Amino acid sequence: MDPSSPVFLLIIAFGAILVIWLFLYFIPVGLWFTALFAKVKVTIGELFGMRIRKVPPSVIVNSLITATKAGLQLTTNELETHYLAGGNVPNVIRALISADKANINLSFKQATAIDLAGRDVFEAVQISVNPKVINTPNVAAVAADGIQLVAKARVTVRANIAQLVGGAGEDTILARVGEGIVTSIGSAETHKSVLENPDKISKLVLQRGLDAGTAFEILSIDIADIDVGTNIGAKLQIDQASADLKVAEAKAEERRAMAVALEQEMKAKNVEMRAKVVEAEAEVPKALAEAFRSGQLGVMDYYRMENIKSDTSMRDSIAKSDSDGRDSKSKGDKK
């Protein structure tokens, strides 16, 4: 190809632009000059190595410049290591600067550990400097007199830097404070004593050391509001009385069913006995016939027996008629 041809010159120009772009990409000269004027020691080789290791040089260099200007002694190797581990380098630098200005003892190793643990180290430092207020949800508890109280508290906490790694979070604080409120109200003899002195709840809860093993230090617990709920004691008594009534009704129904069963059984026995009487009466004619055949009973004896039965029946009829006449006469006299 002719060196003077336009196509050849265009290829040369494109190649030169590509080489310059690759050079500036792998060796960010502008970033190197920025670090140089900021009096931060960063070599061209370190910038080239960052590109090879897929670490954005701007994040490392700018963070290093910020730390150096704040008086922190850090190296690019430390920042790169934390970035490659998945950490947030600018956030760690801001946290270290804030801790240094607030005279909080926070090392780079602690800050990176907190950041890699998933906590916002910069926010933790801010909470350590400016305590945070946590509002608890409504906590319902019952005093000894059976009255329910619904309390709401404000918990002022400060971040405990030493416990941020492995320490429990806000949910644990809220759970422990709620448990302490329930215990304090439950130990009160009457709900009136709690309403008169709500600060007793705060004192009792604070004495329990609820911040042990957490990432926070409880500064104060303030009862924001207490409302009177339902009368749980009376409700329980009503429920118990209703349950007792149902048990008594069930037992009464059981006794009634047993009585009905016994009555039916006695009726069946009565029918059975009447059947036996009828059966016995049916044997009388047979016995009479047998007595006649055997000669143990004569005709006159039979007539005499029939006369006695008729006489007895007549006497019964006369006695019954006399009794009915006296009853009707007595009723007439009364009228």
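Owing to the predicted nature of the structure, the values given are computational and were not obtained by experimental measurement.
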key: Spacing of OG belonging to S313 relative to CD1 belonging to I318, to within rounding of 0.5 Å   = 10.0 Å
task = Name all residues meeting the side-chain hydrogen bond (donor to acceptor under 3.5 Å, both in side chains) criterion together with R176; count only those two or more places apart in sequence or in a different chain, and write none if there are none.
result = none
inquiry  = Tell me every residue that passes side chain to side chain contact (heavy atoms under 4.5 Å, CB included) with V182, counting only those two or more places apart in sequence or in another chain.
reply    = V139, A141
inquiry  = For residues L219 and I173: do they belong to one hydrophobic cluster (side chain heavy atoms under 4.5 Å, members Ile, Leu, Val, Met, Phe, Trp, Tyr)?
reply    = no
query = Looking at residues at least two apart in the chain, or sitting in another chain, which of them share a salt bridge (Lys or Arg N to Asp or Glu O under 4.0 Å) with E179?
reply = none
request  = Please name the pair of heavy atoms, one in L74 and one in I93, separated by the smallest distance, quoted to 0.1 Å.
outcome  = CD1-CD1, 3.6 Å
note = Tightest non-hydrogen contact, residues I161 and A124, listed as CD1-O, 4.4 Å
task = Would you check, one step at a time, whether the test side-chain contact (heavy atoms from CB on, under 4.5 Å) holds for I226 with I223?
result = CA-CA 8 Å; I226 297 181; I223 303 300; 3.5 Å; yes
Side-chain touch P90/V59, heavy atoms, less than 4.5 angstrom = yes
ask   = Do V40 and V61 pass the side-chain contact (heavy atoms from CB on, under 4.5 Å) test, and can you show the C-alpha distance, the side-chain angles, and the key distance before you say yes or no?
value = CA-CA 9 Å; V40 175; V61 173; 5.9 Å; no
message = Would you say I181 ends up clustered with V133 if hydrophobic residues are merged whenever their side chains have heavy atoms under 4.5 Å apart, either directly or through other cluster members?
response = no
All side-chain hydrogen bond (donor to acceptor under 3.5 Å, both in side chains) counterparts of S58, not counting sequence neighbours = none
inquiry  = Quick check: do T214 and N160 have side-chain heavy atoms less than 4.5 Å from each other?
reply    = no
request  = Could you tell me whether E253 and R256 make a salt bridge, using a distance below 4.0 angstrom between a side-chain N and a carboxylate O?
outcome  = yes
key: Distance, nearest 0.5 Å, that separates CG of N62 from CG of L79   = 11.0 Å
query = From N138 CG over to D227 CG, what is the distance, rounded to the nearest 0.5 angstrom?
reply = 7.5 Å
inquiry  = Any heavy-atom pair between the side chains of E170 and F216 that's under 4.5 Å?
reply    = yes
message = Atom CD of residue position Q73 - does it have more than 12 heavy atoms of other residues, nucleotides or ligands inside 6.0 Å?
response = no
query = Hey, is the main chain of K109 close enough, under 3.5 Å, to the side chain of T112 for a donor-acceptor pair?
reply = yes
message = Within the 4.5 Å heavy-atom criterion, are V121 and N91 side-chain neighbours or not?
response = yes
query = Just wondering, do V177 and I134 contact through their side chains at under 4.5 Å, heavy atoms?
reply = no
request  = Apply salt bridge (charged side-chain N to carboxylate O under 4.0 Å, His left out) to D311 and R315, showing your working.
outcome  = CA-CA 6 Å; D311 185 58; R315 292 176 183 274; 2.9 Å; yes
key: same_hphob_cluster(V92, Y83) at 4.5 Å side-chain heavy-atom cutoff   = yes
remark   = Note: T66 and I97 closest approach over all heavy atoms is CG2-CD1, 3.5 Å
ask   = Closest approach of A95 and L106, non-hydrogen atoms and distance?
value = O-CD2, 4.1 Å
query = Atom CZ in R94, atom CD in Q126: separation rounded to 0.5 Å?
reply = 9.0 Å
message = Under the salt bridge (charged side-chain N to carboxylate O under 4.0 Å, His left out) definition, can you give me all pairs with a residue in residues 60-82, not counting sequence neighbours?
response = R53-E80
Between CD on residue Q163 and CD1 on residue I114, distance to nearest 0.5 Å = 10.5 Å
N135 atom CG, neighbour heavy-atom count above 12 within 6.0 Å = yes
Q264 atom CD, over 12 foreign heavy atoms within 6.0 Å = yes
inquiry  = Per the side chain to side chain donor-acceptor pair (under 3.5 Å) rule, what does the pair list look like for residues 182-204, sequence neighbours excluded?
reply    = D145-H191
key: Gap between atom NZ of K269 and atom NZ of K276 - 0.5 Å precision   = 10.5 Å
task = Measure the shortest side-chain to side-chain distance between T136 and I221 over non-hydrogen atoms and say whether it is less than 4.5 angstrom.
result = no
ask   = Can you name the closest pair of heavy atoms from L116 and G86 and give their distance?
value = CD2-C, 4.1 Å
query = Quick one: are V142 and I185 in side-chain contact, heavy atoms under 4.5 Å?
reply = no
request  = Applying side-chain contact (heavy atoms from CB on, under 4.5 Å), run through M258 and L262 and close with a yes or a no.
outcome  = CA-CA 6 Å; M258 292 178 64; L262 181 60; over 6 Å; no
query = Would H82 and D115 count as a side-chain contact (heavy atoms from CB on, under 4.5 Å) if you check the C-alpha gap in whole Å, the side-chain angles of each, and the deciding distance to 0.1 Å?
reply = CA-CA 9 Å; H82 184 60; D115 185 57; 2.9 Å; yes
query = Is atom CZ of R154 surrounded by more than 12 heavy atoms (other residues, nucleotides or ligands) closer than 6.0 Å?
reply = no
query = With a 4.5 Å limit on heavy-atom distance, are the side chains of V228 and I147 in contact?
reply = yes
query = Under 4.5 Å between side-chain heavy atoms, hopping through other hydrophobics if needed: is there a path connecting I201 to L174?
reply = yes
remark   = Closest non-hydrogen contact found for A99 with V125 is N-CG1, 3.7 Å
